[in-house]
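Counting convention: from 1, in listed order, for ligands and their atoms alike.
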Amino acid sequence: MDINQIAEACIQAIADKVKNLNTLNIIVAGKTGVGKSTLINSIFREQLAQTGLGKPVTDHMRKITKEGVPLAIYDTRGFELGKNAQEEVKTEILATIREGLAARDINKAIHCIWYCINTASNRIEDEEIAWLRALAKDNQDTQVPVLIVLTQSFSKKAAQDLKNRILDENLDVIQVVPVLASDFEVDEDIVIKSFGLDILINVMAEALPEELRNTLQNVQIASLESKKRQAQAAVAAATAAAFGEGFSPIPIADCAVIIPTQVAMIASITAIFGLNINKSIIMGFVSSVLGTGGTTLIGKTLAASLLKLIPGLGTVSGGVISGATAGLLTTALGEAYILLMESIYNGEINPKDINTSEGREKLRALFKSQKEKLKPPPAE
Ligand SMILES: Nc1nc2c(ncn2[C@@H]2O[C@H](COP(=O)(O)OP(=O)(O)O)[C@@H](O)[C@H]2O)c(=O)[nH]1
Ligand SMILES: [Mg+2]
């Protein structure tokens with residue numbers, strides 16, 4: 001295997017991983033103008049709510065999707081039109097939930113409902129409370145988690161007050177989360193910074209089943225920390241797998257046996273970050289890690305180069321690596337790749353520059369700082 005083949009394997013694995021992400025389905029309800037579209041655009045990639053009107057699925061719901069994004073938002077409208085419309089919205093929501101369950105397909109089920117209330121309005125109306133109670137009653141057997149999002153929370157204090165009043169109602173909701181989805185300009189020189197979206201993501205990550213956690217991270221752009229946590233879980237899983245593969249010590253020349261595990265790990269991390277990663281980025285990454293630009297044969301070289309990532313482990317006794325070392329190599333590679341993803345996500349490294357000498361230099365500096373953080377492994 002050479003670098004080119006490894007990169008090809010990674011690109012293939014990334015494409016498969018992303019294609020196989022389950023679709024996350026969220027119903028967003030609340031009165032017109034409360035800030036549903038603003039929220040959707042701020043929390044998910046690809047400016048979802050601006051892609052047009054979406055596809056009408058019921059009288060009061062449009063389904064918003066975008067090619068390549070494993071997410072469907074059911075945007076409700078007409079809640080402010082009075083009792084009849086509200087009743088219809090509720091009936092349509094419940095019917096959509098039941099339809100999804102009947103399909104017995106995680107991609108079709110409704111996974112969460114966000115009910116949005118504008119904090120600036122400073123109130124939850126009696127009719128909204130009654131509506132939420134009635135919804136909870138009919139949702140008792142379907143158990144779709146309901147979350148109240150307090151939108152346009154320009155004042156954190158007002159949001160907290162409203163949150164307390166809502167909590168006093170003892171509604172059947174998993175959380176009440178105040179947010180300001182996008183910065184609010186009070187005046188030319190007074191801007192209130194957006195907040196709370198990362199908390200909303202954390203609440204979602206807890207509420208969703210395991211099968212949707214990678215999807216959530218893939219589609220959300222509100223919390224880098226949450227992405228990193230999920231990516232680190234992928235590294236831990238791959239590390240444990242590599243440890244097992246090295247259970248009977250691997251001759252150093254055969255280190256390629258752990259490569260599939262590491263390729264799968266790279267694919268998971270890429271899917272979690274939701275970035276467009278092409279072959280030249282992977283080539284840049286692999287060759288920076290290996291410290292060569294050419295088509296070096298992997299195996300001995302890969303292992304030897306990766307071992308250099310771990311301080312205090314210059315040589316390997318007996319020409320074999322143990323499970324502990326295979327695990328550490330995997331951790332080192334995974335952490336380095338997370339750093340790369342983070343730098344691209346933050347705009348610190350432009351993927352276009354990765355194969356320039358400046359880009360390579362940045363990568364090397366990045367991995368060098370990473371290397372210093374790794375502890376030496378236990379004695380072989
Ligand atoms: N600055 C700021 N304005 C907001 C925010 N949320 C809503 N708005 C304002 O409220 C208007 C209505 O929001 P929109 O998202 O269209 O509400 P929807 O009808 O529930 O989809 C927007 O045009 C914004 O001016 C926010 O988080 N920050
Ligand atoms: Mg809207």
Side-chain angles (χ1 to χ4, degrees), residues 24-66 69 71-82 85-86 88-90 92-93 96 110 112-125 127-129 131-132 135 146-163 166 173 175-204 219-223:
L24 172 61
N25 299 303
I26 303 174
I27 292 178
V28 184
K31 294 179 180 171
T32 296
V34 295
K36 298 185 294 297
S37 300
T38 309
L39 176 67
I40 294 163
N41 281 330
S42 308
I43 213 160
F44 299 119
R45 61 187 173 92
E46 310 281 346
Q47 295 280 315
L48 222 66
Q50 274 170 25
T51 55
L53 295 171
K55 187 173 125 220
V57 280
T58 65
D59 285 351
H60 299 277
M61 273 200 288
R62 303 164 312 149
K63 183 177 176 180
I64 309 173
T65 55
K66 193 159 190 173
V69 186
L71 173 73
I73 300 288
Y74 293 76
D75 188 6
T76 62
R77 35 179 46 192
F79 197 93
E80 65 289 347
L81 299 177
Q86 287 163 18
E88 284 162 20
V89 169
K90 179 161 64 63
E92 288 169 25
I93 289 177
T96 306
I110 300 298
C112 196
I113 300 171
W114 294 354
Y115 186 78
C116 300
I117 299 171
N118 183 350
T119 294
S121 76
N122 207 18
R123 59 201 293 227
I124 175 166
E125 296 189 45
E127 61 180 22
E128 293 181 293
I129 292 171
W131 188 88
L132 284 162
L135 180 76
V146 179
L147 234 149
I148 294 183
V149 183
L150 301 182
T151 53
Q152 308 196 40
S153 299
F154 310 127
S155 155
K156 283 187 182 154
K157 181 172 181 305
Q160 189 58 48
D161 287 350
L162 182 57
K163 177 174 171 171
I166 293 172
V173 297
Q175 268 276 15
V176 179
V177 186
V179 304
L180 179 59
S182 68
D183 293 356
F184 180 66
E185 198 179 311
V186 182
D187 222 330
E188 235 168 51
D189 47 1
I190 303 174
V191 176
I192 302 176
K193 283 287 186 201
S194 72
F195 73 90
L197 297 180
D198 53 341
I199 295 178
L200 183 51
I201 290 301
N202 288 345
V203 171
M204 289 292 286
V219 297
Q220 68 95 0
I221 50 166
S223 173

Under the 3.5 angstrom rule, does the side chain of E88 hit a backbone N or O of H60 as a donor-acceptor pair?
no

One should read off an interatomic distance between N122 CG and S155 OG, to the nearest 0.5 angstrom, of 8.5 Å

Run through the protein N/O/S atoms less than 2.8 Å from the Mg ion (ligand 2) and write them out by chain and number.
S37 OG

Should the pair E80-K36 be classified as a salt bridge under the 4.0 Å nitrogen-to-oxygen rule?
no

I'd like to know if the side chain of D183 reaches the main chain of K193, judged simply by a donor and an acceptor atom lying under 3.5 Å from each other, with no hydrogens or angles considered.
no

What heavy-atom pair brings G35 and T151 nearest, and what distance separates the two atoms?
O-CG2, 4.4 Å

Using atom types as modelled and distance alone, determine if a side-chain donor or acceptor of Q152 lies under 3.5 Å from a backbone N or O of T119.
no

Taking the side chain from Q220 and the backbone from A222, do they hold a donor-acceptor pair closer than 3.5 Å?
yes

Atom pair CG (L48) and CD1 (I43), whose distance is rounded to the nearest 0.5 Å
12.0 Å

Aromatic plane relationship, W131 with Y115 - under 30° parallel, 30 to 60° tilted, over 60° perpendicular
tilted

Around ligand 1, what residues show up once you keep those with a heavy atom under 4.0 Å from it?
K31, T32, G33, V34, G35, K36, S37, T38, Q152, L180, A181, S182, D183, F184

